[in-house]
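Report on the structure given below.
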Amino acid sequence: MNQENNSGVTEFVLHSLSGSRELQLFYFAFFTLFYLSIVLGNLLIVLTVFFEPSLHTPMYFLLSNLSFIDVCLSTFATPKMIVDFLVEHKTISFEGCMAQIFFLHVFAGGEMMLLVAMAYDRYVAICRPLHYAAIMNVRKCVSLVVGSWLIGVLHSVSQLVFTVNLPFCGPNRVDSFFCDLPLVIKLACTDPFTLEVLMLSDSGLMATCSFVLLLVSYTVILLTVRRRSSAGMAKARATLSAHIAVVTLFFGPCIFIYAWPFSSLPVDKFLSIFYTVFTPLLNPLIYTLRKREVISAMQKLRRRQVSS
């Protein structure tokens with residue numbers, strides 16, 4: 001990644017959420033607590049699923065991996081944003097900027113694919129319950145998770161390969177608290193239209209197609225649930241409602257930012273914060289911590305720790 005041959009820019013200047021010193025101190029305290037809640041909440045879910053045998057099921061295996069990705073997604077930029085609230089000059093090196101773009105797309109792309117895998121799991125559980133154990137075996141679950149990470153990496157590499165060698169010779173102010181691809185390519189000393197079309201055909205298409213696929217899948221599942229009336233189906237409806245809420249909260253900002261990158265709006269900064277900071281905390285609250293099985297498993301683990 002040798003920027004000297006292609007760019008006169010060695011660092012980028014990041015914009016904070018507010019120019020007010022008092023507000024920045026408030027944001028520092030607020031986002032520090034928020035970030036610690038994200039990490040502790042999601043890691044608690046990962047450890048609970050790992051140590052509690054009753055949660056060793058395909059659904060909770062996928063949910064624990066979602067929690068792990070959420071920790072990664074919130075960590076690639078949030079700690080630097082928190083530190084930047086305390087410093088006057090908010091800069092990031094060229095290499096650090098490219099690294100943020102890479103990890104953002106690895107984790108976001110991986111989460112998209114994992115959400116698709118979770119929809120597939122619910123489809124098999126509700127539409128083909130008699131074959132669920134045979135279809136969603138350990139090998140299939142591991143393959144879905146590994147495949148999600150591989151697709152995330154390939155997606156990120158495809159974005160970075162045309163970004164890292166762009167000529168940056170002028171403005172270096174990124175209008176966000178981290179290096180986001182739509183904002184960085186606008187700083188290149190070249191016509192951004194072709195780059196935005198490439199991004200649209202990659203990130204935008206990936207997010208939109210995944211979202212449409214998820215909507216179709218959940219529609220089929222909901223129609224199947226509607227034709228059946230039982231306590232189990234009522235529980236399935238509650239689970240599906242939680243899944244659909246998380247999918248909408250995650251994909252909405254992504255599609256808005258990446259499926260139409262040709263214009264930059266003030267709301268883009270808020271949406272970037274939403275899907276990289278707020279969504280990783282909402283996922284465990286909506287998906288997992290509302291489930292009695294998880295709460296019961298956490299209580300069991302706590303009693304074990306107290307008695308040991």
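Model, not experiment: these values are computed from the prediction.
We find the CD1-CG distance between Ile244 and Leu214 to be 9.5 Å, quoted to the nearest 0.5 Å. With values rounded to the nearest 0.5 angstrom, Met98 atom CE is found 4.0 Å from Ile101 atom CD1. Note that the CG atom of Leu222 and the CD1 atom of Ile126 stand 8.0 Å from one another [nearest 0.5 Å]. Atom CG of Asp180 is separated from atom NE2 of His105 by 6.0 Å, given to the nearest 0.5 angstrom. Taking CZ of Phe178 as the reference point, atom OG1 of Thr276 lies at 5.0 Å (rounded to 0.5 Å). Interatomic distance, CE of Met136 versus NE2 of His131, reported as 15.0 Å (0.5 Å rounding).
By the neighbour-count criterion of 12 heavy atoms within 6.0 Å, atom CZ of Phe50 is sparsely surrounded, having that number or fewer from other residues, nucleotides or ligands. Atom CZ of Phe278 has more than 12 neighbouring heavy atoms from other residues, nucleotides or ligands inside a 6.0 Å radius. Shown here is Tyr123, whose OH atom has no more than 12 heavy atoms of other residues, nucleotides or ligands within 6.0 Å.
Within the 3.5 Å criterion, the main-chain N or O of His155 finds a donor-acceptor partner in the side chain of Ser158. Asp70 contributes no side-chain N or O that, together with a main-chain N or O of Thr279, makes up a donor-acceptor pair within less than 3.5 Å. For Ser74 (side chain) and Val71 (main-chain N/O), a donor-acceptor pair under 3.5 Å exists by modelled atom type. Asn42 places no side-chain N or O within 3.5 Å of a backbone atom of Val39 that could act as its donor or acceptor partner. With hydrogens and angles ignored, the 3.5 Å screen pairs a side-chain donor or acceptor of Ser37 with a backbone N or O of Leu33. Judged by distance alone, the side chain of Ser64 and the main-chain N or O of Phe61 form a donor-acceptor pair under 3.5 Å.
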Step-by-step side-chain contact (heavy atoms from CB on, under 4.5 Å) determination, Ile69 to Asn65: CA-CA 6 Å; Ile69 289 184; Asn65 278 276; 5.7 Å; no

Residues Asp84, Val87; criterion side-chain contact (heavy atoms from CB on, under 4.5 Å); working and verdict: CA-CA 5 Å; Asp84 281 348; Val87 299; 3.8 Å; yes

Test side-chain contact (heavy atoms from CB on, under 4.5 Å) applied to Val13 and Ile92, step by step: CA-CA 6 Å; Val13 179; Ile92 185 171; over 6 Å; no

Candidate pair Met112 and Phe211, rule side-chain contact (heavy atoms from CB on, under 4.5 Å), full reasoning: CA-CA 8 Å; Met112 288 181 191; Phe211 184 60; over 6 Å; no

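Residues Trp149 and Val138 fall within the same hydrophobic cluster, defined by Ile, Leu, Val, Met, Phe, Trp and Tyr side chains chained together at heavy-atom separations under 4.5 Å. Hydrophobic clustering, with ILVMFWY side chains joined whenever heavy atoms are under 4.5 angstrom apart, groups Leu150 together with Phe68. Leu62 and Val146 fall within the same hydrophobic cluster, where Ile, Leu, Val, Met, Phe, Trp and Tyr residues are linked whenever their side-chain heavy atoms come under 4.5 Å apart, directly or through other members. In terms of hydrophobic clustering, with Ile, Leu, Val, Met, Phe, Trp and Tyr side chains grouped at heavy-atom distances under 4.5 Å, Val49 and Leu40 are assigned to different clusters. Follow the hydrophobic side-chain contacts under 4.5 Å out from Val164 and you never reach Leu154; the two are in separate clusters.
In terms of the disulfide bond (SG atoms under 2.5 Å apart) criterion, residue partners of Cys189 (sequence neighbours excluded) are, by chain and number, Cys169.
Considering only heavy atoms from C-beta on, Tyr132 comes within 4.5 Å of Val124 through its side chain.
Nearest heavy-atom pair across Val174 and Cys179 is CG1-CA, 4.4 Å. Contact between Asp121 and Pro58 at its shortest, heavy atoms only, is OD1-CB, 3.6 Å.
Side-chain rings of Phe76 and Phe103 stay apart, their centers remaining 6.0 Å or farther from each other.
Legend: salt bridge (charged side-chain N to carboxylate O under 4.0 Å, His left out) pairs involving residues 32-57, not counting sequence neighbours, sorted by first then second residue: Glu52-Arg304. Among residues at least two apart or in separate chains, there is no salt bridge (charged side-chain N to carboxylate O under 4.0 Å, His left out) pair with a member in residues 139-159.
Aromatic ring orientation, Phe85 versus Phe31: parallel (interplanar angle below 30°, classes split at 30° and 60°). Note: Phe168 and Phe12 have perpendicular aromatic rings, judged against thresholds of 30 and 60 degrees for the angle between ring planes.
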